[in-house]
Amino acid sequence: MTSRLSRLAVALVATATATLGVTVANPAPASAAMTICYNTSQAGNYAGTANQAASIWNNATVNLTLSANCGSNLRIYQITGGGSYAVRTSLGNGRVYIDTQQAAQYSPLRIMTHEIGHILGLPDNYNGNCSLLMSGGSAGTSCTNPYPSSAEASRVSNLFAGTFSATDRSSQVFRDSWPNVLTPVG
Ligand SMILES: [Zn+2]
């Protein structure tokens with residue numbers, strides 16, 4: 001009995017191995033995930049924030065991977081004054097500018113993940129809802145949520161799967177996401 005079972009097991013393993021062999025020989029066409037290399041050499045105090053934001057997006061999405069300093073699809077800059085903003089040159093490519101003055105008022109991580117969201121194809125959605133990332137500064141300085149909603153995350157995943165319109169992948173500048181709430185001096 002034992003030997004019959006053993007022979008059966010050997011036969012099953014052989015069958016499984018043969019099946020695996022066929023699979024390896026004829027792989028289904030894989031949809032390659034896009035690697036977005038981001039560069040923090042000019043991110044100043046916000047290089048670590050950029051890494052945190054990249055992890056958040058990587059954990060929330062599929063079909064794309066943000067990877068540090070392997071190239072320059074996305075450049076992160078620290079600026080002072082003028083407001084934080086994003087310049088998308090195409091889906092997954094562009095520049096993000098973090099204004100130190102705004103980052104002193106709003107959560108720097110929320111600003112960073114929001115601006116990167118524009119690079120990943122998301123528009124602004126100024127509805128004051130803190131559970132959304134793309135509501136930006138409309139949710140107020142007390143909103144520190146740095147996570148995309150499931151709808152925002154799945155939209156990005158779908159965009160990188162090649163769906164949705166060309167508008168989402170177009171070259172566009174996204175400004176004024178973060179209203180200046182500093183009291184004017186003098
Ligand atoms: Zn924005």
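Every number for a ligand or one of its atoms is a count from 1 in the order of the listing.
To the nearest 0.5 Å, the span separating OH on Y77 from OG on S41 amounts to 7.5 Å. One distance of note links CG of N51 with CD1 of I56; it measures 11.5 Å at 0.5 Å rounding.
Per residue H118, closest N, O or S atom to the Zn ion (ligand 1): atom name NE2.
The nearest N, O or S atom of Y85 is not closer to the Zn ion (ligand 1) than 2.8 Å.
Counted by atom type alone, S149 and S131 present zero donor-acceptor pairs between their side chains at under 3.5 Å. In this structure, a donor-acceptor pair under 3.5 Å is absent between the side chains of N129 and S135.
Between the OD1 atom of D124 and the NE2 atom of H114, the angle centred on the Zn ion (ligand 1) amounts to 90° when rounded to 10°.
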